[in-house]
Each structure stands twice: as C-alpha cells, then as structure tokens.
2 protein chains.
Amino acid sequence: MDLDARRLLLVEDDRRLSQLLVRLLTTEGYDVVPVYDGQAGLHHGLTGRWDALVIDRTLPAMEGVDLVRRLRSRGITTPTMLLTARGTTEDRVEGLDAGAEDYVVKPFDSDELLARLRALLRRHSDTSAVIDLGGRRLDVASRRVLSPDADPVELSAQECALLRIIAANPGRVRSREELHRRIFQNADSPNAVDTYVYYLRRKLGAGMIRTVRGLGYQLGAT
Amino acid sequence: MDLDARRLLLVEDDRRLSQLLVRLLTTEGYDVVPVYDGQAGLHHGLTGRWDALVIDRTLPAMEGVDLVRRLRSRGITTPTMLLTARGTTEDRVEGLDAGAEDYVVKPFDSDELLARLRALLRRHSDTSAVIDLGGRRLDVASRRVLSPDADPVELSAQECALLRIIAANPGRVRSREELHRRIFQNADSPNAVDTYVYYLRRKLGAGMIRTVRGLGYQLGAT
DNA sequence: CCGGCCTCTGAGGTTGCTCTGAGATTCAGT
DNA sequence: ACTGAATCTCAGAGCAACCTCAGAGGCCGG
C-alpha cells in the first residue's frame, strides 16, 4: 500500500457507479474509501482524515448539498467535489455556495474527473491541522487552543470554524457576510457572527480577534 | 468608487463579450480591467495586483492556456478562470492542468459565472493592497499603518480613504475640492477635509501630510 | 425522559466614527 | 506691524456599528 497516497472519501449510493469510481481512482494511485449514504458520509467526513471528498448530489438519507453544508458548519474544510446528474444552473450555484469547491455533471468523462481532482488537491495542499495564532496554536482536529503557559482552551464546533477561517490568513480581514455564509448558512440572525466572536474573545481574550469597523474581523496581534 | 473592491483582470478579445462581462462584473461590485489580447494579459498579469484573472481560451497573439502556463511559470499564482467555447474533455483537462483553477464553457450563465468566481475568490486569500508611505506602510485592507519599529496605528474608514488618495502619488498635490468630492460626498461642511488631515497628523505625526497653502495637501517629505 | 452543552435569536447598552461649527493660529502681502 | 484669508484645532451631537448576554430550542448521551 502506498503510504503517501491521497485519501479520498467517496459518498455514492449507486453501487455500480461507486465500484467504477473506486477502480478508476485506485488505479490512479488514490486511497479510496466508499460509503453509500449521507449519514455514513457525515460520520466519516467528521471523524476521518481525508485529502478530498467526492460526494454524489442525490443520496438516500441526506442530500449531497446538505451533507456539504453540515460538514462545513462543523468546521470541516476538506476540499469537496460534487457529482450531479442535474445540470441546471441553480443546482450548480447552490452546490458551490454550500461550500463545495467543484462539481462534475454526470455522465462525466474519466479524464475530466481526474483533472479536476488534481486541480482540487493542488490548491488545497496547505492543510495543516495546527494553525498558528501568534503565540498560541489552534489544533483543529481536537478543537483546542494550546498555549505554552496555560491550560488548553476547548472550543465548540462553530467557534473553531470561525477562528479557523480568521486565522487561516493573519493579514486578511474577513467580512461578516463571508463568515456568515461559510459558517452560519442556516442562521437567520445576522448577529450570529458577532455572538461567536464574543464567545471566542471571552475564552481567548479580547486581543485574539480585531474588529475593523465596517469591514469585518481579523486575527489580532499580527 | 469602491476602494475595497476585488480587482479582476479580464482577457477577452471579443469586444462585445468583453463589454458584457465588464458590465456584469462591475454591477456585482468588482473592479474590472479589460484587455484584449494575450500579450497585454501577460504584461498586466505579471505587473498588476489582481484578485483573480478571467481569461478567454482563444486569443490573438497567445492562447489562453499558454498565457496561464507562462504566468504560472513566472510564479504568478493568482486564481484563474478560463472561458472556453470548445467543450471537449481534452481541452478542459489541458486548461486545468496548465494551472487554471476553473473553467466555464461558453455560452455560460451569468449566475453560474458569478458563483464560480465567488468560489474562486473564497479559497484564495493572500492579496492585500499595501501602499508605501516612505518608511511606513499603509495596509488598506486592514486599515492600518505599519511601521518597522512601532505598533500599528489603526485608521477609521475616512482617514484611510484620505491617506490612500494622498499616498497614491507621493509627489502630487491634491486639492481640498478633489479630496472633498472623493471622500465627503454628502458632507456640507467644507471643513471636513481639514479635520481629517488633523486627525491623521495627530495619529501619524505632523510630517506625514504637508500643506501647500492655497493648493491643497501632499504626502509629507520622506 | 432528563440534563447538559451547543446554537442561534433578539433586545438593549455601548462604543467609535462622522461631520459640524466656532474660535485660535498662521501666513502673504502691504 | 496690520489685515484678511487660509488653515488648524478641538469639543460635541447624532447615528450607525458593534458588543453583551439572557434565554429558547435542538441535539445527544445517560
């Protein structure tokens, strides 16, 4: 077995298609694990370590788009490709805005799927489980903030997702809209982002997150 | 005039399509610069600061795919979207493997293009405009003035806008009228510019902005 | 079924920004 | 030095953006 192989989670209910994809991707050198419904996909997506997710849009137990949304809302940012039979624009837009990085319309061509997968993995090669916060560190896997001279601070899923986005790029200011879209997509209150910033500050100190009035938030002490 | 708009370089030789795209993207709040052949695209891609590139595949002087390849080979990693008329798989694969992040097949749907662009920009995140102030630097994105040997100085929106205009051309003198027109659109008091110059001097030192009596203001002597 | 944690809502309270206006100060020309 | 014009200084009203936090409802393990 290839220890450096990219690990893919394949969520596809059609057994025949699933088998076909497993064979194709395995031949290309990927390490593929197939599951056959949304619940299993959610479970493995949340608990496993994956380089990319390949998810069918139409699944029993949970729509593919909902699966992506739920994973994103739990702080999982693994790059994701949707397989979709429907080619309508609204479907595509919905998929992309749910947080999927890409989609492929069935029936698709093997070479195209592989090319898109390569492109997906290429730009997401910076997945480090530990993010530097300037002095402290965010361990995404265990959702804890570790500091050299204090006890670890435990974060909830949403807190972690928020901090992760802000910390991904220390110099950059993230707008409320972006944060809301990426984390609280099924929240009506535009205030949710503020609230979680408040929670994080309460746990980590006010200096952790800087407010840029009218623009958004930024990692503090940069 | 949106100072925080995302900057897009559009490389499209078909004037009609180009104009259409400029209008669409501008309406969405992007800051779009159109060029009409590969050479110009290469030049601007190498020298300008862009948040994303939108490139037609079929161009005079240089193919779109070659343009992407050449930009990538020079270390330009700006996220890129290809527009392609041909929908064959080999074309798509070639485009993606050349380093393009995404492609859209013509004729394309506006909503889809915009959704893909959002997805593209969402995952790329390290661009920020920094203006030299002679020793210190103005980070427009986070509205701060950074200096090598002091804490950052935070600016308000108006302060930043004012300093940005003055600092854009160090030698040039900006009249009160111009500054007032560009920043204090709905302010009655002709004194507003003076006030904000005062605020900036208070935060950054009197030498930052020089008064040219009777004419206006200018970036202070380095 | 219960209790605890997490998520999101909504309603104040507070802060910081914007712009105004008026007096103080500087400047150029006489 | 005198004078009028240009510029500087600064306190404060009004307002939007932001913060704070209690609580309702959801989810999950016991």
Side-chain angles (χ1 to χ4, degrees), chain A residues 39 42-43 46-47 62 66 69-76 142-144 153-163 166 173-177 179-218 220, chain B residues 3-4 142-144 153-163 166 173-218 220:
Chain A
Q39 277 302 338
L42 183 60
H43 176 253
L46 286 173
T47 57
M62 191 187 308
D66 291 329
R69 233 190 283 277
R70 292 178 69 160
L71 287 170
R72 294 288 183 255
S73 76
R74 302 267 202 120
I76 305 292
S142 66
R143 291 206 311 238
R144 285 188 300 186
V153 178
E154 313 226 329
L155 303 181
S156 77
Q158 299 297 72
E159 288 164 0
C160 181
L162 178 53
L163 183 56
I166 288 174
V173 177
R174 304 284 181 172
S175 71
R176 266 190 185 60
E177 292 68 37
L179 295 168
H180 193 277
R181 178 160 39 74
R182 291 179 64 175
I183 305 174
F184 305 99
Q185 55 277 77
N186 22 359
D188 290 338
S189 168
N191 188 32
V193 176
D194 303 50
T195 301
Y196 277 84
V197 167
Y198 166 64
Y199 292 155
L200 281 169
R201 282 174 175 157
R202 200 163 54 176
K203 285 186 176 182
L204 303 171
M208 189 82 254
I209 297 173
R210 184 172 91 94
T211 303
V212 184
R213 193 163 245 262
L215 292 184
Y217 297 99
Q218 179 189 31
Chain B
L3 291 176
D4 295 317
S142 65
R143 289 205 302 235
R144 288 188 300 186
V153 177
E154 315 206 339
L155 303 181
S156 77
Q158 300 297 71
E159 289 164 0
C160 182
L162 178 52
L163 183 55
I166 288 175
V173 178
R174 303 285 182 172
S175 72
R176 262 187 190 61
E177 291 68 37
E178 177 186 357
L179 295 168
H180 193 278
R181 180 161 30 79
R182 292 180 62 176
I183 303 173
F184 304 98
Q185 213 104 352
N186 19 354
D188 291 339
S189 169
N191 186 32
V193 175
D194 303 51
T195 301
Y196 278 85
V197 168
Y198 164 65
Y199 291 156
L200 281 170
R201 282 173 175 157
R202 197 163 55 177
K203 285 186 175 180
L204 303 170
M208 189 83 256
I209 297 173
R210 198 168 85 80
T211 302
V212 183
R213 201 180 174 80
L215 294 181
Y217 298 98
Q218 170 186 43

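Worth saying up front: this structure is predicted, and the values here are computed from it rather than measured.
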Just so I know, are the side chains of L155(A) and L200(A) near enough to count as touching, which here means a heavy-atom distance under 4.5 Å?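 Contact flag for L155(A)/L200(A) side chains = yes.
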
Which whole-number value in Å describes the distance from [X] [atom1] to [N] [atom2]?
X       : N       : atom1 : atom2 : result
R210(B) : dA6(D)  : CZ    : C1'   : 16 Å
K203(B) : dT9(D)  : NZ    : C1'   : 16 Å
I183(A) : dC6(C)  : CD1   : P     : 16 Å
Q158(A) : dG25(D) : CD    : P     : 20 Å
L179(B) : dA6(D)  : CG    : P     : 17 Å
L200(A) : dC19(D) : CG    : C1'   : 14 Å
D194(A) : dG13(C) : CG    : C1'   : 14 Å
E159(B) : dC17(C) : CD    : P     : 7 Å

Using only heavy-atom distances, decide whether a donor-acceptor pair under 3.5 angstrom links the side-chain of R202(B) to the base of dT9(D).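 By the distance-only test, no, there is no pair.
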
Confirm from the modelled atom types if Y199(A) and dC8(C) form a donor-acceptor pair under 3.5 Å, side chain to base only.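 Such a pair is found, so the answer is yes.
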
Among [options], which is the nearest nucleotide to the side chain of [X]?
X       : options                   : value
S156(B) : dC17(C), dT7(C), dA11(C)  : dC17(C)
Y196(A) : dC19(C), dG10(C), dT7(C)  : dT7(C)
Y217(A) : dC19(D), dT20(D), dC8(C)  : dC19(D)
T195(B) : dC19(C), dT18(C), dG10(C) : dC19(C)

Please check if the side chain of H180(A) supplies one atom and the backbone of N191(A) the other of a donor-acceptor pair under 3.5 Å.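 Absent.
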
Using OP1 and OP2 only, check whether a side-chain N or O of R176(B) sits under 4.0 Å from dC8(D).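 Checking dC8(D) against R176(B), a side-chain N or O does come within under 4.0 Å of OP1 or OP2.
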
Taking only side-chain N and O atoms of Y198(B), does any of them lie within less than 4.0 angstrom of OP1 or OP2 on dT7(D)?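 For Y198(B), the contact criterion (side-chain N or O under 4.0 Å from OP1 or OP2 of dT7(D)) is not met.
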
Report which part of the nucleic acid N191(B) touches: base, sugar-phosphate, or nothing (heavy-atom distance under 4.0 Å, all strands).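 Base contact.
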
F184(A) near the nucleic acid: base, sugar-phosphate alone, or nothing, with a heavy-atom cut-off under 4.0 Å?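 Sugar-phosphate only.
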
Is a salt bridge present between R210(A) and E154(B), judged by a nitrogen-to-oxygen distance below 4.0 Å?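 Yes.
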
Charged N to carboxylate O under 4.0 angstrom, R182(B) versus E178(B)?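 Judged by the 4.0 Å cut-off on N to carboxylate O distance, R182(B) and E178(B) do form a salt bridge.
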
Does the side chain of T211(B) come under 3.5 Å of the side chain of R201(B) through a donor N or O and an acceptor N or O?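 Judged by distance alone, the side chains do pair up.
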
On DNA chain D, nearest-nucleotide positions of T211(B) versus R213(A): which is more 5'?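 Nearest-nucleotide comparison on DNA chain D picks T211(B).
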
